[in-house]
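Presented below is the structure to which this report refers.
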Protein chains: 2
Amino acid sequence: MNILEKITNELDILSKSERKVAEVILASPSTVIHSSIAALAKQANISEPTVNRFCRRLDTKGYPDFKLHLAQSLANGTPYVNRHVDENDTAEEYTSKIFESTMASLELARKSLDPSLINRSVDVLTQANKISFFGLGASAIVAHDAQNKFFRFNVPVVYFDDILMQRMSAINSRQGDVVIVISHTGRTKSLVEVASLAKENDATVIGITTNGTPLAKECSIVLSVEVAEDTDLYMPMSSRIAQLALIDVLATGFTLRRGSKFRDNLKKVKDSLRSSRFERKD
Amino acid sequence: MNILEKITNELDILSKSERKVAEVILASPSTVIHSSIAALAKQANISEPTVNRFCRRLDTKGYPDFKLHLAQSLANGTPYVNRHVDENDTAEEYTSKIFESTMASLELARKSLDPSLINRSVDVLTQANKISFFGLGASAIVAHDAQNKFFRFNVPVVYFDDILMQRMSAINSRQGDVVIVISHTGRTKSLVEVASLAKENDATVIGITTNGTPLAKECSIVLSVEVAEDTDLYMPMSSRIAQLALIDVLATGFTLRRGSKFRDNLKKVKDSLRSSRFERKD
DNA sequence: TGCAATTATGAAATAAAATTTCATTTTTCC
DNA sequence: GGAAAAATGAAATTTTATTTCATAATTGCA
């Protein structure tokens, strides 16, 4: 585990003097890795042995070992960050920035997901009579992709990116049906209405959206996908990728729940594509 | 820079004894960060001052500082790896694995992309009379997403995920048109034919695929997206996400090339959606 | 090739840093 | 309010790293 997080967690277990040490370290960890035990003790206004005891309490062998852990934590800390593309970036620069922002978003999204809700969603999906995916704009492609995955499972699955079709489908839904609505903002009026209609007709509504939005309020289960601020270019970017990864997670959960025989079936679906491909000569 | 790489690079600048030290370190860096200078000297069969000199030659302050750098380098190494989902994984476990595999794939994809080819592709795209995106199966959603992005730029853009429409469109293409074909395997027969038809009709064909495949051979520019081995579940996962990130890169390159006035225009497109949304009350 | 100059190396001395011991102070709990 | 426990730091000790300096190896040049 990251030692900085560990310090934060154990802050209340520490004694008064040890907490002083902790505070100095948390305030400027990168300085500390270049300080001697004496310098740090002075900084925190406590004695050297206290620093040493502090280190041991965090399960390190002593001060030098602690510094090693700290250095590693710093190296690990958010390896990918959301950097904005700049007007004068070269192709190499904006490529790196976009990929790294995407990775940072995935990292954040994973942290914000609640595994127990994923588990419940998988429960619901495996027992569904029919599954519908609805999205508009950038989220439409996520719904499209979800259909692509779930239809392999041999369950009735539809996807619509058309408002009227979504409404009609929602009105026709019934108990045992699962409706998955996808929207990053959670504020698209027509989609909120669709969710509400589906709910009124006793379908289970799962929202892939942000917590606390109007759409979230209409859902039985909210899979909240937090995403770093989108870039300045006025296009949805990372959000849909995080949503797609979530679809992968749900599909995977589904196949795991169904057991190994079911997975043999997936292989057959894949093999059925073979004749449409050029052979690979490895 | 990673200090392990640095050691490797400077191996030939080092003296005989110093090289012994380097070899011991490279052989087992993780052991070294827990060794004292005396232990390492003994291991390498040289004296302690030699170790110290070695450290300084690598621009560190001394042995402890060197160990710090080494620890950080070790911590940086491949933060995300492609771990396979296991039969008995909990929801939390498979969620983490999928997100991490996706991130690992993005990392790999970014490394495999050639910025100069991206630059050329952006050149071609900004000068296109018409842009078409073709994909099938999982790649269809990438084409779909690309259309979603590029239509905002106010250039004629189409996307087809239907073989016949793709063929017809390809046959009707002409000089100045750009056709982007998307396929991870690069072996889908009908798509290779479509690429070939477009090429015969003097369109510029950009392939988002893997180098060396039949599809790649038909393309004027190949944007090769390498991706880690897909998981065992017989579904495309990371490949389409890496492709989407690449679409983001192309779209971004496009807007940067077009200049700032053009970007104001994008804002207008985005703002036009406002009335379809519930207001945010922050 | 021979020899001075340069560079590399390690033994020993020194310096620096970390840890242990132990006495003192502070806190806790009855 | 006071004994027991816990926390703390001064000083001593130990461990670790660095410097100094003498010697050995290598290089460059006549």
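All of these numbers come straight from a predicted model, not from anything done at the bench. In what follows, every chain begins at residue 1, and chains take the letters A, B, ... in the order their sequences are listed.
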Kindly say if B:Ser17 contacts the phosphate of C:dT9, meaning a side-chain N or O under 4.0 Å from OP1 or OP2. yes
Length of the NZ-P vector between B:Lys61 and C:dA17, whole Å: 10 Å
Do the two ring centres, one from A:Tyr63 and one from A:Phe54, sit under 6.0 Å apart? no
Expressed as a whole number of angstroms, how long is the span from B:Lys42:NZ to D:dT16:P? 13 Å
Pick the closest DNA chain C nucleotide for A:Arg53 and for A:Ala38 by heavy atoms, then say which residue is nearer the 5' end. A:Ala38
Quick one: B:His34 NE2 to D:dT15 C1', roughly how many Å, whole number? 17 Å
Against the side chain of A:Ile46, the closest entry in D:dG9, D:dT18, D:dA7 is D:dG9
Given D:dA7, C:dA18, D:dT19, which nucleotide is nearest the side-chain atoms of A:Ser15? D:dA7
Do A:Thr213 and A:Thr210 pair up side chain to side chain, a donor and an acceptor below 3.5 Å, judged on atom types alone? no
Using a cut-off of strictly less than 4.0 Å, decide whether A:Thr50 has a side-chain nitrogen or oxygen near OP1 or OP2 of D:dA7. no
B:Glu10 and B:Arg57 ion-paired at < 4.0 Å: no
For B:Arg57 and C:dT7, what is the distance between atoms CZ and P respectively, to the nearest whole Å? 11 Å
Check the distance between D:dT16's C1' and A:Lys67's NZ and give it to me in whole angstrom. 12 Å
A:Arg19 atom CZ is separated from C:dT26 atom P, nearest whole Å, by 18 Å
Separation of D:dG9 atom P from A:Asn45 atom CG, nearest Å, is 9 Å
Want to settle it: does B:Lys16 or B:Glu48 sit nearer the 5' end of DNA chain D, counting the closest nucleotide to each? B:Glu48
Does a nitrogen or oxygen in the side chain of A:Ser47 sit under 4.0 Å from OP1 or OP2 of D:dA10? no
Regarding B:Arg56, tell me which of base, sugar-phosphate or nothing describes its non-hydrogen contacts under 4.0 Å with the strands shown. sugar-phosphate
A:Ser36 has a side chain; which of C:dA17, C:dT20, C:dT19 sits nearest to it? C:dA17
Looking at A:Glu100 and B:Arg110, is there a salt bridge between them, counting it only when a charged N and a carboxylate O are closer than 4.0 Å? yes
A:Ile37 has a side chain; which of D:dA10, C:dT19, D:dT19 sits nearest to it? C:dT19
Taking only Lys NZ, Arg NE, NH1 and NH2, and the carboxylate oxygens of Asp or Glu, determine whether A:Arg240 and B:Asp248 approach each other closer than 4.0 Å. yes
From CG of B:Leu68 across to P of D:dA17 the rounded distance in Å is 12 Å
